[in-house]
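One structure is given here, and the rest of the page talks about it.
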Amino acid sequence: MVAVSGSTVFRTVRRHMSPGLAAVYRDAGHGSHEETAAGATVRLADGREVVDFGSYGVTLLGHGCPPVAAAVAAQLRTMPAATRSLANPAVAEFVRRLTERCEPDLGRVWIGSDGADAVEVATKLAMRVTGRTRLLAVEGGFHGKTLGALALTHAAVYHEGLEPLLRHVAHLPEDDPEAVAREAAAGDVAALVVEPIRGEGGVRPLAPEIAERWAADARSAGAFVISDEIQVGLRRCGDFCLATARGWNPDAVLFGKALGGGIMPISVMVATSELFQPLAENPGYHSSTFGGHPLACAAATAALTAIEEFAERAREVGAAVEAGLRTLRSGHPGIVADVRGTGLLWGVDVRGGAAGPVIADLAAAGLLVSPCLGSPGTIRLLPPMVATDAEIGRALEILDATFALQAAVPAAARPAGRC
Ligand SMILES: Cc1ncc(COP(=O)(O)O)c(C=O)c1O
């Protein structure tokens, strides 16, 4: 491990990365930085241990998941980098295992490194195959920040100054069952891109009957249906693939974040042959140097097994977190406005609309959670499947104590959020 003093870390981030980032890190770590981690516990350089129910959804299997780490170490000893001129068995094995987990129709795989990569390729293919340029997404949705993915992300703050590049997307109101039929009537829509549950948007599920109707209407209008499960898939919210479980018959499903077992960056688009056609004809049509890296593929293969092995524990963790959050909601009505979620993804709305100060207080007390980029009043909890009863208990105690502290401070005296 690289030994660098705490002040050097913050100084370097401030000087060469972003002063804002340095301030966020300093607040969250109370002046200390992360040093080691295992499961749901992160140890800081000052010796404190914090429970990690955040990490933006990456650590579904916790930190340093042993079988994933072992698979990466084994791959490191054999073929750590792909030539990309020769076939690689680690990549082929991953694709075989992944497609076994998906519906037979979703038999084609493109591999990238992060979520936005997968969004880009899926929408690009939809445009190419249909010869159309319009896309439909949902109000409150989040799909990444590269220019193509950003057009689908519904957050005005990230669009400012870029609108001319992002004009081909209509964002649908979540409560309008007719929205897709209306928007797609002109026959110019290439794809409908939806998150079954909007994570960054504040942990807000789409109503099943509306989403089902939208998917059917998109298909009748000749548009592809793309389910972005980068945050909510892979059993975080119960099912491996939510769109399939809900009967949407998607043309593509996107996974990322937790797919690398919390250790390696990897994302995928699994797609039908029809959507994948341009890549079947010309694999170079959309490629990325590090997409399909053998270390990432080895990690993801091990992660697929581990996710199934921990599925039962995930149900227990989800049930314990849900019960705890519902009790906290009734215990702190002046602070907690709402609790929403399922499985291992929960949103807690705080009154006043600014979750930032509460998130900072939770971190100082020993619990890391994530903010929601599109919902500043929501605290997002992403507990890992492997959380122990003690870690869940400690997380709930910290939430309880922090809400009690907030309740003791008059609303007017609470600082504004930084989300
Ligand atoms: C649903 C969804 N799609 C896409 C992305 C973009 O992923 P990445 O940040 O890895 O590019 C995210 C990231 O939070 C996400 O939650």
Side-chain angles (χ1 to χ4, degrees), residues 21 53-60 110-124 126 135-155 157-159 166 169 171-172 174 191-206 211 225-237 239-243 248 250 252-270 286 288 290-291 293 296 299-300 303 341-347 369-376 378-382 419:
L21 200 55
F53 279 12
S55 283
Y56 293 85
V58 169
T59 49
L60 178 64
W110 183 90
I111 311 175
S113 303
D114 61 32
D117 283 0
V119 174
E120 294 285 345
V121 69
T123 49
K124 185 172 158 183
L135 298 167
L136 304 180
V138 184
E139 289 180 358
F142 185 89
H143 302 280
K145 293 179 186 164
T146 54
L147 281 174
L150 181 60
L152 295 158
T153 290
H154 183 244
V157 62
Y158 300 117
H159 285 202
L166 306 174
V169 178
H171 287 95
L172 313 175
E174 64 177 322
L192 165 69
V193 186
V194 286
E195 291 166 90
I197 303 168
R198 284 154 294 164
E200 293 290 351
V203 189
R204 295 176 207 282
L206 282 182
V225 176
I226 299 169
S227 184
D228 180 345
E229 308 200 9
I230 287 163
Q231 182 158 163
V232 300
L234 303 175
R235 297 205 177 281
R236 177 167 292 283
C237 296
D239 295 300
F240 186 86
C241 172
L242 276 69
W248 300 355
V253 179
L254 315 179
F255 297 116
K257 289 190 183 279
L259 184 60
I263 293 183
M264 295 301 297
I266 183 168
S267 63
V268 291
M269 170 195 69
V270 288
H286 192 87
S288 134
F290 288 114
H293 195 288
T342 185
L344 302 172
L345 174 63
W346 289 89
V369 295
S370 294
C372 289
L373 292 178
S375 182
T378 308
I379 298 168
R380 188 166 34 138
L381 292 113
L382 297 136
C419 279

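These numbers were taken from a predicted model, which means no experiment stands behind them. Each ligand, and each atom within it, is numbered from 1 in the order the structure gives.
Residue Glu229 does not touch ligand 1, judged by heavy-atom distances below 4.0 Å. At a 4.0 Å heavy-atom cut-off, ligand 1 does not touch Lys145 at all.
Between the side chains of Ser375 and Arg204, at least one donor-acceptor pair of N or O atoms lies under 3.5 Å.
With ligand atoms numbered from 1 in the order given, ligand 1 contributes 1 (C), 2 (C), 3 (N), 4 (C) to contacts under 4.0 Å with heavy atoms of Asp228. Close approach to Ala116 involves these atoms of ligand 1, each under 4.0 Å from a residue heavy atom: 6 (C), 7 (O), 8 (P), 11 (O). For ligand 1, the atoms closer than 4.0 angstrom to any heavy atom of Asp114 are 10 (O), 11 (O). In summary, the atoms of ligand 1 found under 4.0 Å from a heavy atom of Glu195, numbered by their order in the structure, are 1 (C). Counting atoms of ligand 1 from 1 in the listed order, those under 4.0 Å from a heavy atom of Phe142 are 1 (C), 2 (C), 3 (N), 5 (C), 12 (C), 13 (C), 14 (O), 15 (C).
From the protein, the heavy atom lying nearest to atom 16 (O) of ligand 1 is Gln231 NE2, 2.9 Å. Scanning the protein heavy atoms around atom 7 (O) of ligand 1, the nearest turns out to be Gly115 CA, 3.3 Å.
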List the steps and the verdict of salt bridge (charged side-chain N to carboxylate O under 4.0 Å, His left out) for Glu139 and Arg198. CA-CA 9 Å; Glu139 289 180 358; Arg198 284 154 294 164; over 6 Å; no

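Taking the charged nitrogens against the carboxylate oxygens, Arg236 and Glu229 have no contact shorter than 4.0 Å, which rules out a salt bridge.
Heavy atoms of Lys257 approach ligand 1 to within less than 4.0 angstrom.
Side-chain atoms of Ile266 and His293, non-hydrogen and from C-beta on, never get closer than 4.5 Å to each other.
Aromatic ring pairs are classed by plane angle as parallel below 30°, tilted from 30° to 60° and perpendicular above 60°; the pair Tyr158 and Phe142 is perpendicular.
The shortest non-hydrogen separation linking Asp117 to Ser267 is CB-OG, 4.0 Å.
A distance of 8.5 Å separates NE2 in His143 from CD1 in Ile230, rounded to the nearest 0.5 Å.
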